[in-house]
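Since the structure comes first, as structure tokens, the remarks are kept for the end.
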Amino acid sequence: MDLVSSLNEQQAEAVRTTEGPLLILAGAGSGKTRVITVRIAYLISERQVPPHQILAVTFTNKAAGEMRNRVANLLKGFQLNSAPLLATFHSLCVRILRQDIEKLDDGYTRSFTIYDTDDSQRVLKACIKDLGLDEKKIVPRVVRSVISAAKNRGEDVQLFTSSVEQTDEKQAAYAKIFRLYEERLLRANALDFDDLLIKTVKLLRVSQETRDKYNDRFKYILVDEYQDTNSLQLALITFLTEKQQNICVVGDDAQSIYGFRQADIRNILEFEQHFPSAKVIKLEQNYRSTQTILDAADAVIGNNLNQKKKKLWTQNPGGERILYCQAVDGEAEARFVASKIEAHRSRDASKRIAVLYRTNAQSRLFEEALRRFRIDYNIVGGFSFYERAEVKDVVAYLKLILNPDDDIALLRVINTPSRGIGKASIDELQSMARQTNGSLWSAIGDVVEGRSTAFAPRAKNAIVAFWNTIEKLKAKAEGFAGTDKPVSETVIAAIDDSGYSQMLREENTDEAEGRLENLEELVNAAADYDKDPEGGLREFIDHAALTSDTDKYDGNAGVTLMTIHSAKGLEFPIVFIVGLEDGVFPHSRSVNNPKELEEERRLAYVAITRAEELLYITHSMRRRFYGDEITAEPSQFLNELPLELIEDLSRGPSWLSYARSYGMGSEKRTPVTTIDANVHEKPRAVYTGKTYNSADAIAEFFKNKGGRASRTGETFSRSSDVSRPSTGYDRLRAAASENARTGRSDRDDDAFVPGSHVRHAKYGKGLVLRREGTGDNVKLTISFPGFGQKKLIQKFANLERA
DNA sequence: AAGTAAATTTTTTTT
DNA sequence: AAATTTACTT
């Protein structure tokens, strides 16, 4: 078998370069996964590397599973006596910690519990309450993200506390909560997601013995999606590869979309500094998409200032134009998408289709429309199976079997199903636990053994009954060990003996019926661990904690709905990118931060490059938001697409027809200078997507206006001849805003108050959103259709009422 | 203590 | 608009 013969020159080189540090810069669709899997197979079959010495790290279980399958396929017919380890960062850490965490000697034991985001947040909520802080001002969710960010920067409590501005009341409170949170986690023998990495890195740092052990175990290490690694992950890799330096990382800086999780794009940009003597191989031939799709992706990403230059090319045909639709509202957008999907499916049902959106909340409308069209779909994300209340409840019983000190698990189920232990009893137990600095379970033990007089007979009986339930469950689980169904029988016992199934049956509703079915699913999932010699109850629970919803993506599904983040690494013949609206995509929380806006743009790049043959983009003019309907403006990313690549399927006039008559029309009369002509070879309309949203930039622009025309000034100074858009789009917009707008226009020409409509020489008509400052310093935030939000100084902006 | 009504919050993105 | 949390009632 010749593994490398099917690869192009660069790919083959990447496979053959097995020794020393190697960075593979792999553009979208350049056969990255193929290179990784062939490389693993090559190491085993050509270089006689024992499989267990190979470690490949990914971010999702799904990616790991996919690689496992492909490697198995490549090595079919080989007799192997071990397997390469294909793991996520988190599952790798759990593996290491389950063996060696006690070497840290910091109180944690090998039977530690994993707390997911929800569990962490519950702990934090309790911490905030117990510290007597105002829950209105200190939001658990925010505290969690602050602490998580600190942890991912590599800061512990001490470091965080000293780095915090002590005079800042909130920051000081966060530090206090952080400290208490860590204490509570330790007492419960629990680690949160971030701790899994932190503890592993710490272990490798302090224990030469452990470091040697894993260096000797893993002689060849591969890391996928390297652009998404953070400093902790870099530290982990650095320690693991200390001896051999056989580290191969694969990534694409243009697809870095996890900055919010502290992913540091510098890891990939500075790989050669971190690993001297590193070799770099670029994969630039795209095998996935049509030229049209690549041109569109390239044009959008070209607006980012921070990027490594690379030129993706393809031998694929040009393909069809990008299909575009502007809908009147979210429902119409979903209807358009569903009807197009229906048409495609009836023509050729083998073509997989994806609907990609920025936020999970957008899925609902598309689900409803697809159901109405009777189209089967698969949805990824949102509410994960393991996040369902009934599943988490039963898993909590299982967690208590292995670690009764897990307070969060205990609180979850102490009165579910209700067994007469109410708020008052729980409060009492918690104060007992606080006094002895023990867990709730130890407090319950005190009650059972009569060391507490705080409870009335009825309450005491209820607590004893709960204690009995858990103790019996523990005994039963031990009894199942050694049988042929240790895990699934234990799960069944947890469901039945806890009274949970009885509770659901008595409810006698369709909803309860569905919950029972979910629990049956849980038993099925557990059964997989019965067969596996390496799988026990512990592994099953870990799996439940570390399995994201992205992992259950069904690669064979005809229609899949998911966020763009979840879609990374996937490809589809037909892709719909929906909700291309200002504030939705790019997200409103990112528009005012240039760094985050660039990340949004990379997200757009990822979305576009998922498409193989056909790409649809849609947006709607109105959208429901927190219950009320608002006017939605076209995304600035639309302006960054080459208009000639787009075909308009909108009913009636649209942003595109508006943009065309405006941009193309003026182009005929005067050649248009593009702002970043070096990036785009083709002449483009004045819609360069360049934003002038800082006060300085605006002032600069208007200064240029009167004098010598600079390149940017030139683009702008021509705008007077297009200041009266008379297209249908304008009328359409006017009609729409008539109904939609909540503000009022002012009778005074000078008062551009929020809600009023204005006209700007360059941007045309817009809606005033915010007004700040007084006198000459009045700044207005205005949303312009097709340009997004702009912050303008009223004095310079030369606005008219519209 | 449990069920219901009222009030409040929620929309980034994920291991 | 929907979901979650809190606050009243029995």
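Residue numbers start from 1 in every chain, and the chains themselves are labelled A, B, ... in the order their sequence lines are given, proteins ahead of strands.
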remark   = Here the distance between atom P of B/dT11 and atom CZ of A/Phe625, to the nearest Å, is 11 Å

ask   = Reading nucleotides 1-10 of chain C 5' to 3', which nucleotides get B (base under 4.0 Å from a protein heavy atom), which S (sugar-phosphate only), which -?
value = B----S----

message = Tell me whether the side-chain N or O atoms of A/Arg261 pair up with the base of B/dT14 as donor and acceptor below 3.5 Å, since no angle test is needed here.
response = yes

query = Can you tell which of B/dT11, B/dT14, B/dT12 lies closest to the side chain of A/Ser566?
reply = B/dT14

query = Thinking salt bridges, do A/Asp228 and A/Arg261 make one under a 4.0 Å N-O criterion?
reply = no

query = Roughly, in whole Å, what's the span from NE2 in A/His565 to C1' in B/dT15?
reply = 13 Å

Can you pull every protein N or O that's under 3.5 Å from an N or O on nucleotides 1-8 of chain B?
residue, atom, partner, partner atom, Å
B/dA1, OP1, A/Gly422, N, 3.1
B/dA2, OP2, A/Asn415, ND2, 3.2

ask   = OP1, OP2 of B/dT14 versus side-chain N and O of A/Asn360: anything below 4.0 Å?
value = yes

task = For A/Arg141 and B/dT13, give me the distance from atom CZ to atom P, rounded to whole Å.
result = 11 Å

query = Under the side chain to side chain donor-acceptor pair (under 3.5 Å) rule, what pairs show up with a residue in residues 232-241 of chain A, not counting sequence neighbours?
reply = none

key: A/Glu390/A/Arg388 under salt bridge (charged side-chain N to carboxylate O under 4.0 Å, His left out): CA gap, chis, key distance, verdict   = CA-CA 6 Å; A/Glu390 63 276 17; A/Arg388 286 167 199 277; 5.1 Å; no

query = Just how far, in rounded Å, is P of B/dT15 from CG of A/Asp119?
reply = 16 Å

key: Value in whole Å for how far the C1' atom of B/dT12 lies from CZ of A/Arg589   = 7 Å

Let me check something: any side-chain donor-acceptor pairs from residues 417-425 of chain A under 3.5 Å, sequence neighbours excluded? List them with distances.
residue, atom, partner, partner atom, Å
A/Arg419, NH1, A/Tyr397, OH, 3.4
A/Arg419, NH1, A/Val413, O, 2.8
A/Arg419, NH1, A/Ile414, O, 3.0
A/Arg419, NH2, A/Tyr397, OH, 3.0
A/Arg419, NH2, A/Ser498, O, 3.1
A/Lys423, NZ, A/Asp427, OD2, 3.3

note = Partner of A/Asp192 under salt bridge (Lys or Arg N to Asp or Glu O under 4.0 Å), picked from A/Lys199, A/Lys151, A/Arg144, is A/Lys151

message = Taking only the C1' atom of each, what is the distance from B/dT12 to C/dT5 in whole angstrom?
response = 22 Å

inquiry  = Distance check needed: B/dT15 P versus A/Ile198 CD1, whole Å only.
reply    = 18 Å

task = Select from A/Val139 and A/Leu603 the residue whose nearest nucleotide in DNA chain B is closer to the 5' end of that strand.
result = A/Val139

request  = Check whether the aromatic ring of A/His587 stacks on the base of B/dT12, taking stacking as ring centres less than 5.5 Å apart and planes within 30° of each other.
outcome  = yes

query = Are the charged groups of A/Asp116 and A/Lys392 less than 4.0 angstrom apart, N to O?
reply = yes

request  = Using ring pair (Phe, Tyr, Trp, His ring centres under 6.0 Å) as the criterion, list what pairs up with A/Tyr226, not counting sequence neighbours.
outcome  = A/Phe271

request  = For the pair A/Phe540 and A/His543, name the ring-plane relationship: parallel under 30°, tilted 30 to 60°, perpendicular over 60°.
outcome  = parallel

task = Let me know the distance between CD of A/Glu629 and P of B/dT11, rounded to the nearest Å.
result = 21 Å

inquiry  = Tell me whether the rings of A/Tyr616 and A/Phe576 are parallel (<30°), tilted (30 to 60°) or perpendicular (>60°).
reply    = parallel

note = Rounded to whole Å, the CG-C1' distance (A/Asp118 to B/dT15) equals 15 Å

request  = For A/Phe260, report the nucleic acid contact type (base, sugar-phosphate, nothing); a contact means any heavy atom under 4.0 Å.
outcome  = base

Ignoring hydrogens and angles, write down the donor-acceptor pairs under 3.5 Å from the side chains of residues 122-133 of chain A, residues two or more places apart or on other chains.
residue, atom, partner, partner atom, Å
A/Arg122, NE, A/Asp118, OD2, 3.2
A/Asp130, OD2, A/Arg184, NH1, 3.1
A/Asp130, OD2, A/Arg184, NH2, 3.0
A/Asp130, OD2, A/Arg434, NH1, 3.3

message = Counting the atoms with a prime plus P, OP1 and OP2 as sugar-phosphate, which does A/Tyr258 contact under 4.0 Å by heavy atoms, base, sugar-phosphate, or nothing?
response = sugar-phosphate

